[in-house]
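What follows is one structure encoded as C-alpha cells, with my remarks underneath.
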Amino acid sequence: MSEKPVLRFAPSPTGMLHIGGARTALFNWLYARHTGGTFLLRIEDTDRERSTPEAVDAILNGMTWMGLDWDGDATYQFARAPRHREVAEKLLAEGKAYRCYATAEELTAMREEQKVAGKPMRYDGRWRDKQAGLAEEGKPSVVRLKARQTGETIVHDVVLGDVQFENTQLDDMVLLRSDGTPTYMLAVVVDDADMGVTHVIRGTDHLNNAARQLQLIEAMGAAIPIYGHLPLINGPDGAKLSKRHGALAVEAYRDMGYLPETMRNYLLRLGWSHGDDEIIPTAQAIEWFNFDSIGKSAARMDYKKLDNLNGHYFRETAGTTMVAEVTAFLAREKRTLTMTARQRLEMAMPSLKERAKTLVELIQGAEFLFTDGPRTLDAAADKLLTPEARAVLATALRALDATDWTGPALEAAARAHAEATGVKLGQVAQPLRAALTGKASSPPLFEMLALLGREESLIRLRAYVN
RNA sequence: GCCCCCAUCGUCUAGCGGUCAGGACGCGGCCCUCUCAAGGCUGAAACAGGGGUUCAAUUCCCCUUGGGGGCACCA
C-alpha cells in the first residue's frame with residue numbers, strides 16, 4: 001500500500017448532479033487532494049436507455065461549478081464494453097460463470113412466488129449446474145456469476161466498520177445481458193480494477209452491492225479496494241430527498257445564489273466533523289479530511305444553516321470577487337449592467353455583501369443602484385412615507401443640500417437637523433431611505449446618498465416631497 | 001416478506017465508561033444601532049424505550065420501536 005490512493009466518482013448520466021452525488025464527489029475529491037492521490041471521473045453510461053448527453057453535461061458542469069476538478073479525462077464506461085465482455089468470457093471459460101436461459105417473464109414469476117411464500121427474492125440458480133440442451137440452441141441467454149453459496153462475505157468499510165452478509169442472501173448476478181452488453185455490476189468492478197482504483201467511496205445505497213462485487217472481484221482475482229459507504233442525505237422533513245423537495249440539482253443551488261465555497265463547506269459538515277469547527281474553507285478541509293470522522297447516520301438538509309454559511313462566505317469574500325459573482329449571476333439571467341450601475345455596485349459591495357445571504361437577495365437589495373430616477377416604493381417603503389414623513393423629508397432634504405455631499409458630512413447634517421427639530425435620527429433617516437431606495441431597509445443611508453451623488457439623490461428625494 | 005445500515009437539543013453535530021452532556025444553525029431576551037444585517041452577552045432546547053455488563057453507562061451487548069437503504073437482463 002505504498003502507492004498513492006486512486007479515487008473516483010462514478011455517476012450515471014440519467015439526470016442532474018444532485019446534492020447527494022455532489023457530496024460523494026466532494027468526499028472522494030477531498031481525500032484524493034488530502035493524500036496527493038488521484039481523483040478520477042467515470043461516467044457510467046451502460047444503461048443506453050436512460051443515459052443522455054444532456055445529463056453528462058449537467059454532471060460535468062455541476063462538478064466544475066462545485067470546484068471539483070478531476071484528474072485526466074473523464075472515462076465513459078460504455079466505451080469499455082468490449083473489455084467487460086472479455087472478462088465475462090474469461091470467467092465463463094474458467095467455469096466461474098455460466099449461461100442462464102431463463103426468460104424475464106419466468107424470473108418475474110419466480111420472484112412473485114417467492115414473495116408470496118415469504119421467501120427472499122433471489123435468483124434460484126436454476127441454470128447454475130445445468131447444461132444447455134438442444135432446446136436452448138439459439139435461444140437468448142445471460143451470463144451469470146457462479147457465486148459462492150455458503151459462508152459469508154464481509155465488507156470492511158471505513159465508515160461503517162465490518163458488515164457481514166450471508167452468501168445465501170446473495171444470488172448469481174447477471175454479468176452480461178442477453179444482448180451481450182455488460183451490466184453495471186460487471187462494469188464497475190472491471191473498470192475499478194483496470195483503473196487501479198484503491199478506494200471506493202460511494203453512497204450507502206451501494207452497500208449491498210459491495211458484497212456481491214466482492215465475489216466478482218474474487219472470481220476475477222483482482223485486488224480488493226478499500227470501501228466506504230456514505231449515509232444518504234434526506235430532505236428537511238427527513239424523508240428521502242426527492243424532486244418533491246425541489247432544489248435537487250447543484251445547479252439549483254447556484255441559481256438560488258449560493259457560492260461553491262459555501263456548498264463545499266456545508267456538504268462537508270453534513271456527515272463529517274472536526275470537533276466543534278463549523279467554518280471550514282476548502283483549503284482547510286483538504287488538510288483535515290479523513291474517513292474516521294464520517295458520521296454513520298443520514299443527515300437532513302437545513303436551508304437556514306446553508307443561508308447562514310453563505311452569508312459568512314459573502315462577508316469573507318473579496319468585493320471584486322463578489323462583483324464578479326453577481327455579474328455572472330445576472331448574465332445567466334441575460335441581464336447586463338450599465339457602466340454606472342457596475343461602478344455603483346463595486347462601491348457598494350462592501351456594504352451589500354455584509355447583509356445578504358444569497359446572491360438573489362444581494363441583487364434585490366442592489367436594484368436601486370442599477371437604474372436612475374425616482375423609485376417605485378415597495379409596500380414597506382410606501383407605509384413609511386406618510387404625509388408627516390414627507391414633510392420631514394422636505395426639510396431634511398434642504399438641510400442635506402446645504403452641506404458637502406459626502407457620507408460623514410451628510411450624516412452630521414442629518415443628525416444636526418434631527419436634533420434641531422427634536423426628533424430621533426431614525427425618523428429622519430427612514431423617510432430618506434424609503435425615497436432613495438424604494439425600500440424600508442438598505443445599506444447605510446448616508447453612504448448610499450454619497451455613492452449616488454447629489455444630483456441623482458435629490459431627484460429621488462424630491463419625487464416624494466408633496 | 002427477506003437482508004443490511006442508522007438512532008445525542010427542532011436541525012447539523014462533539015462525546016470514544018466517571019462531563020454542570022459541548023459547539024453551530026434556528027428560536028427568545030438584552031446590548032449596539034439611521035433600517036436591514038453583522039457582532040457581543042444571555043435563555044429555552046437532546047442522550048427513543050426496555051433489559052443486561054460494570055463500582056459506574058449517552059458511551060459496551062441484546063431486544064423493541066422508529067427512520068433509511070437494498071432485494072432487476074437500472075445504475
Side-chain angles (χ1 to χ4, degrees), chain A residues 10-14 44-47 49-51 77 100 102-104 107-108 111 114-123 140-144 155 157 160-161 163-166 168-171 173-179 181 183-185 187-188 203-209 211 229 231-232 234 236 238-240 266 269-279 293 295-309 311-312 315 351-352 354-357 361 365 380 384 411 414-415 418 424-430 432-434 437 439-446:
Chain A
S12 57
T14 53
E44 312 233 305
D45 55 353
T46 52
D47 183 348
E49 296 289 306
R50 301 195 302 151
S51 298
Q77 195 160 57
C100 165
T103 62
L107 294 176
T108 306
R111 279 186 211 98
Q114 290 170 337
K115 189 167 186 174
V116 187
K119 289 185 179 161
M121 293 189 283
R122 275 181 268 114
Y123 174 68
S141 67
V142 299
V143 172
R144 288 181 184 273
V155 177
D157 191 290
L160 264 15
V163 183
Q164 187 172 311
F165 294 87
E166 294 296 324
T168 51
Q169 295 296 326
L170 278 17
D171 60 4
M173 60 186 168
V174 173
L175 265 23
L176 243 37
R177 302 189 185 99
S178 53
D179 64 359
T181 59
T183 59
Y184 156 81
M185 287 290 182
V188 242
T204 40
D205 47 339
H206 285 291
L207 181 59
N208 293 265
N209 289 338
H229 291 89
L232 271 17
N234 294 146
K240 184 180 175 169
Y266 181 78
R269 277 294 288 111
L270 208 57
W272 182 86
S273 60
H274 185 271
D276 284 342
D277 294 305
E278 294 288 345
I279 304 298
S293 308
K296 295 181 178 182
S297 50
R300 306 179 187 200
M301 283 297 295
D302 181 351
Y303 291 96
K304 288 282 179 54
K305 190 156 185 169
L306 186 61
D307 279 350
N308 178 275
L309 242 199
H312 169 83
R315 278 171 255 127
S351 293
L352 288 169
E354 188 77 24
R355 56 206 82 230
K357 297 195 185 308
E361 195 183 318
L384 227 39
E411 180 166 356
R415 282 184 189 283
K424 291 197 169 187
L425 181 58
Q427 290 175 266
V428 175
Q430 281 305 78
L432 286 169
R433 185 192 315 281
T437 68
K439 291 167 169 291
S441 65
S442 78
L445 176 66
F446 304 107

Mind checking [X] for me? I need base, sugar-phosphate or nothing, with any heavy atom below 4.0 Å counting as a touch.
X	result
A:V142	base
A:H206	base
A:S178	base
A:N209	base
A:A380	nothing
A:G311	nothing

From [atom1] of [X] over to [atom2] of [N], roughly how many Å is that when rounded to an integer?
X	N	atom1	atom2	result
A:M173	B:G70	CE	P	17 Å
A:H274	B:C12	NE2	C1'	17 Å
A:D276	B:G22	CG	P	11 Å
A:L160	B:G68	CG	C1'	12 Å
A:D277	B:U13	CG	C1'	12 Å
A:I279	B:C12	CD1	C1'	13 Å
A:D47	B:A72	CG	P	16 Å
A:R300	B:U13	CZ	P	11 Å

Go ahead and name the base partner of [N]; Watson-Crick or wobble counts if both distances stay under 3.5 Å, otherwise write none.
N	value
B:C60	B:G52
B:G10	B:C25
B:G1	B:C71
B:C36	none
B:A44	none

Checklist entry - Is the shortest distance from a Lys or Arg side-chain nitrogen in A:R355 or A:E361 to a carboxylate oxygen in the other one below 4.0 Å? => result no
Checklist entry - If you take atom types as modelled and just measure distance, does the side chain of A:D205 reach the base of B:A75 with a donor-acceptor pair under 3.5 Å? => result no
Item to check | Distance-only donor-acceptor test, A:T204 side-chain atoms vs B:C5 base atoms, 3.5 Å | outcome: no
Item to check | Nearest-0.5 Å distance that lies between atom CG in A:L425 and atom CZ in A:R415 | outcome: 4.5 Å
Checklist entry - Can you tell me how far the CG atom of A:D302 sits from the CZ atom of A:R269, to the nearest 0.5 Å? => result 11.5 Å
[X] to [Y] - nearest heavy-atom pair and separation:
X	Y	result
A:G295	A:P231	O-CG, 3.2 Å
A:T168	A:R122	O-NH1, 2.7 Å
A:L352	A:P443	CD2-CG, 3.7 Å
A:A440	A:R433	O-CD, 3.3 Å

Inter-nucleotide [atom1] distance ([N], [M]), Å rounded:
N	M	atom1	value
B:C73	B:C16	C1'	46 Å
B:G15	B:A7	C1'	15 Å
B:U59	B:A48	P	8 Å
B:G18	B:C5	P	27 Å
B:G29	B:G68	C1'	39 Å
B:G22	B:C47	P	13 Å
B:G50	B:C55	C1'	23 Å
B:A45	B:C27	C1'	10 Å

Checklist entry - Among B:A72, B:A75, B:C12, which nucleotide sits nearest the side chain of A:R111? => result B:A72
Next on the checklist: By nearest atom, which of the nucleotides B:G68, B:C12, B:A72 is closest to the A:L270 side chain?
Outcome noted: B:C12
Checklist entry - Side-chain N or O of A:T46 less than 4.0 angstrom from OP1 or OP2 on B:A75? => result yes
Taking side-chain contact (heavy atoms from CB on, under 4.5 Å) as the test, write out the residues that go with [X], two or more places apart.
X	result
A:L107	A:A102, A:M110, A:R111, A:Y123, A:R144
A:D277	A:H274, A:I280, A:W288
A:E49	A:D47
A:T204	A:L160, A:H229, A:L232

Protein and nucleotides 1-3 of chain B: nitrogen or oxygen contacts under 3.5 angstrom:
{"unit_1": "B:G1", "atom_1": "O2'", "unit_2": "A:G118", "atom_2": "O", "d": "2.7"}
{"unit_1": "B:C2", "atom_1": "O2'", "unit_2": "A:Q169", "atom_2": "OE1", "d": "3.4"}
{"unit_1": "B:C3", "atom_1": "O4'", "unit_2": "A:Q169", "atom_2": "OE1", "d": "3.3"}

Checklist entry - Nucleotide by nucleotide, 5' to 3', does protein get under 4.0 Å of the base (B), only the sugar-phosphate (S), or neither (-) in nucleotides 25-43 of chain B, counting heavy atoms? => result BS-------BBBBS-----
Next on the checklist: If you assign each of A:L207 and A:L176 to its closest nucleotide in RNA chain B, which residue comes earlier from the 5' end?
Outcome noted: A:L207
Next on the checklist: Using side-chain heavy atoms (C-beta onward) and a distance below 4.5 Å, is A:S12 in contact with A:S51?
Outcome noted: no
